[in-house]
Amino acid sequence: MRINNVENQNSFKGYGARPLGGLFFNYADKTNLVAAQEVTKIVKDLGCDVFLNTGAGIIKNNFSKNLTGLDVPHAYPWVQDSINFLPDNSIIYGGNSDLGVRTFLDNFKKNFTSVGSCPDVAGGNFFIIEKDGKLVMLAGSELYNGVHNKAKDFGVEKIEYIGQPDFHIDLAVRPLKGKDILVADDNLTLQLLDQAAGAATRFLKHTNDLEVNEFLLKLVEYKREFVQYARDYYKSSYRFVPMENIISKLQKDGYNPIRVPGRLYTFNGKSLIHHMNYMNAVVHEKPNGDLVYITNDDDLDRALLLTEDISEKIKFSFKNEFMKNLKGYIKPENVHFISADGRMPAELRCMGGGIHCMCAEMPYIPERLKTSPEGVLLQPDSEDIRQMIYRPTPALSSKDHVLSPGY
């Protein structure tokens with residue numbers, strides 16, 4: 001593993017909760033565009049800009065204009081694994097850096113103090129957090145070969161590992177401030193399934209409602225399958241470890257794991273297929289210290305037949321129950337669920353990623369990007385580069401192959 005030309009990394013506050021200057025999206029397809037639009041409505045008035053990297057430059061905050069044809073050919077949508085922005089206005093780009101990120105770096109690198117490569121490390125599999133006044137990397141065990149004995153390269157005091165709960169750890173854990181870390185507890189999720197079944201049963205005692213009855217039957221079936229999926233998942237996988245092991249390791253290392261009912265999934269024999277994942281999230285700290293939690297909408301209307309109408313009838317909502325578990329850490333009004341017109345739940349269902357995977361957090365914004373007009377295409381400084389962007393893009397060679405997020 002190597003990191004090139006990156007200086008002053010000790011200022012990197014990492015991926016724990018922090019004030020964000022901006023969020024960076026790759027315009028790989030319409031999902032990225034619609035998600036960026038939705039996130040902008042949440043963070044724009046909180047001092048956080050949203051930047052969309054297109055095939056012809058950068059657009060800030062206002063993406064209402066017709067962007068047909070400006071998507072980045074062969075772009076990797078999960079930009080969290082491609083590029084890391086540091087508070088000292090430098091950049092580290094990773095092994096999944098696709099044509100979109102490389103074009104951005106070629107076109108705008110003069111706006112950053114330095115640009116370095118770290119090809120063996122994906123951003124979704126580590127967090128850099130402040131613990132006892134020191135910077136620590138919390139990494140998934142699969143990063144061991146890439147980062148072992150490389151703490152100084154990342155500007156941290158040390159590297160602590162947890163087992164892989166999923167493809168990347170950001171699908172199951174989410175650091176907040178300091179030692180506080182949200183962790184997905186499947187046992188709590190099972191309790192919620194029972195709670196939902198109880199609410200539906202009580203409702204049906206007084207009303208013969210066909211839709212609620214179908215939901216209850218589906219729920220009972222899903223719970224039985226969920227228990228089996230969870231057991232089969234950890235038994236059959238050489239990669240992944242149960243969440244209880246991860247929670248114990250976090251406690252041993254001095255963290256405060258906060259158990260939350262954060263995910264519902266099925267198992268296809270190789271990977272988890274998420275129908276609900278509230279763990280994969282972006283966290284922004286307001287000036288008053290309050291946290292804003294931006295996560296994914298769920299697919300429960302499809303997986304469980306739990307529509308908004310049924311939720312209202314039985315007075316039960318997985319979202320509300322999740323937010324109750326955040327009490328004392330994040331206020332309910334500061335929790336947001338990104339749908340992207342239903343595309344975000346579909347991405348998770350198709351073994352893709354969530355909103356944290358889809359954007360890169362920017363603690364510092366270069367002056368040229370920060371002062372750019374909203375909704376106006378900010379083009380590269382060089383006319384030669386600008387013209388090059390509009391040329392037809394050749395297919396990626398085998399050495400440039402972009403991995404599918406479900407590999």
Side-chain angles (χ1 to χ4, degrees), residues 15 78 80-81 94-96 120-127 129 137-148 159-175 181-193 222-253 255 257-281 295-296 298-299 303 322 345 347-358 403-407:
Y15 293 100
W78 316 112
Q80 179 66 244
D81 298 331
N96 280 335
D120 301 324
V121 179
N125 214 26
F126 73 89
F127 295 94
I129 57 183
M137 174 187 283
L138 183 66
S141 56
E142 290 188 350
L143 286 189
Y144 182 84
N145 290 335
V147 302
H148 185 55
I159 300 171
E160 297 177 337
Y161 299 93
I162 58 174
Q164 291 291 145
D166 205 327
F167 172 68
H168 282 162
I169 65 173
D170 67 351
L171 290 165
V173 302
R174 173 64 242 196
I181 300 180
L182 299 185
V183 292
D185 185 338
D186 292 346
N187 289 322
L188 284 181
T189 304
L190 283 172
Q191 292 176 22
L192 284 192
L193 292 174
Y222 190 97
K223 181 191 174 183
R224 182 172 59 251
E225 293 178 348
F226 180 66
V227 172
Q228 184 67 39
Y229 284 131
R231 183 165 55 242
D232 291 348
Y233 171 59
Y234 291 113
K235 276 187 176 181
S236 66
S237 176
Y238 70 93
R239 296 176 60 185
F240 305 130
V241 300
M243 288 304 300
E244 285 301 322
N245 295 27
I246 293 171
I247 291 170
S248 296
K249 180 64 163 58
L250 288 171
Q251 291 173 330
K252 181 180 178 181
D253 289 342
Y255 293 97
I258 305 161
R259 297 170 181 261
V260 293
R263 59 181 188 169
L264 265 174
Y265 53 82
T266 53
F267 178 50
N268 68 357
K270 293 183 179 180
S271 302
L272 295 187
I273 301 171
H274 292 271
H275 299 290
M276 178 186 85
N277 190 301
Y278 301 152
M279 306 305 300
N280 190 266
T295 187
N296 314 286
D298 56 59
D299 192 29
F322 174 75
E347 291 288 354
L348 285 161
R349 186 175 69 245
C350 296
M351 298 179 292
I355 192 63
H356 184 257
C357 308
M358 192 170 284
L403 293 173
S404 164
Y407 76 94

Over all atoms of both residues, closest heavy-atom pair of [X] and [Y]:
X	Y	result
Ser141	Gly163	OG-CA, 3.9 Å
Val183	Pro257	CG2-CB, 4.1 Å
Asp170	Cys357	OD2-SG, 3.9 Å

**Asked** Phe127 versus Ile169: any side-chain heavy-atom pair under 4.5 Å?
**Response**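 Sidechains of Ile169 and Phe127: in contact.
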**Message:** Less than 4.5 Å apart, side chain to side chain, heavy atoms only: is that true for Leu138 and Leu250?
**Reply:**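 The answer is yes, as the side chains (C-beta and beyond) meet within the 4.5 Å cut-off.
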**Request:** May I have the step-by-step check of side-chain contact (heavy atoms from CB on, under 4.5 Å) for Ile129 and Tyr255, ending in yes or no?
**Result:** CA-CA 11 Å; Ile129 57 183; Tyr255 293 97; 3.4 Å; yes
**Asked** Taking only residues two or more places apart in sequence or in another chain, which ones pass side-chain contact (heavy atoms from CB on, under 4.5 Å) with Asn187?
**Response**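 Once residues adjacent in sequence are excluded, the partners of Asn187 under the side-chain contact (heavy atoms from CB on, under 4.5 Å) criterion are Asp185, Leu190, Glu244.
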Rounded to the nearest 0.5 Å, what separation is found between the [atom1] atom of [X] and the [atom2] atom of [Y]?
X	Y	atom1	atom2	result
Lys249	Tyr161	NZ	OH	10.0 Å
Asp166	Arg263	CG	CZ	6.0 Å
Ile159	Leu143	CD1	CG	9.0 Å
Asn125	Gln80	CG	CD	11.0 Å
Leu193	Asp186	CG	CG	10.0 Å
Thr295	Met276	OG1	CE	9.5 Å

**Request:** Go through the steps for Phe240 and Leu272 under the test side-chain contact (heavy atoms from CB on, under 4.5 Å), then give the verdict.
**Result:** CA-CA 11 Å; Phe240 305 130; Leu272 295 187; over 6 Å; no
Strictly distance-based, threshold 3.5 Å: is any side-chain N or O of [X] a donor or acceptor partner for the main-chain N or O of [Y]?
X	Y	result
Glu142	Gln164	no
Asn280	Gly353	no
Asp299	Pro345	no

**Prompt:** Where does the angle between the aromatic ring planes of His274 and Tyr265 fall among parallel (under 30°), tilted (30 to 60°) and perpendicular (over 60°)?
**Reply:**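 Because their plane-to-plane angle is over 60°, the rings of His274 and Tyr265 count as perpendicular.
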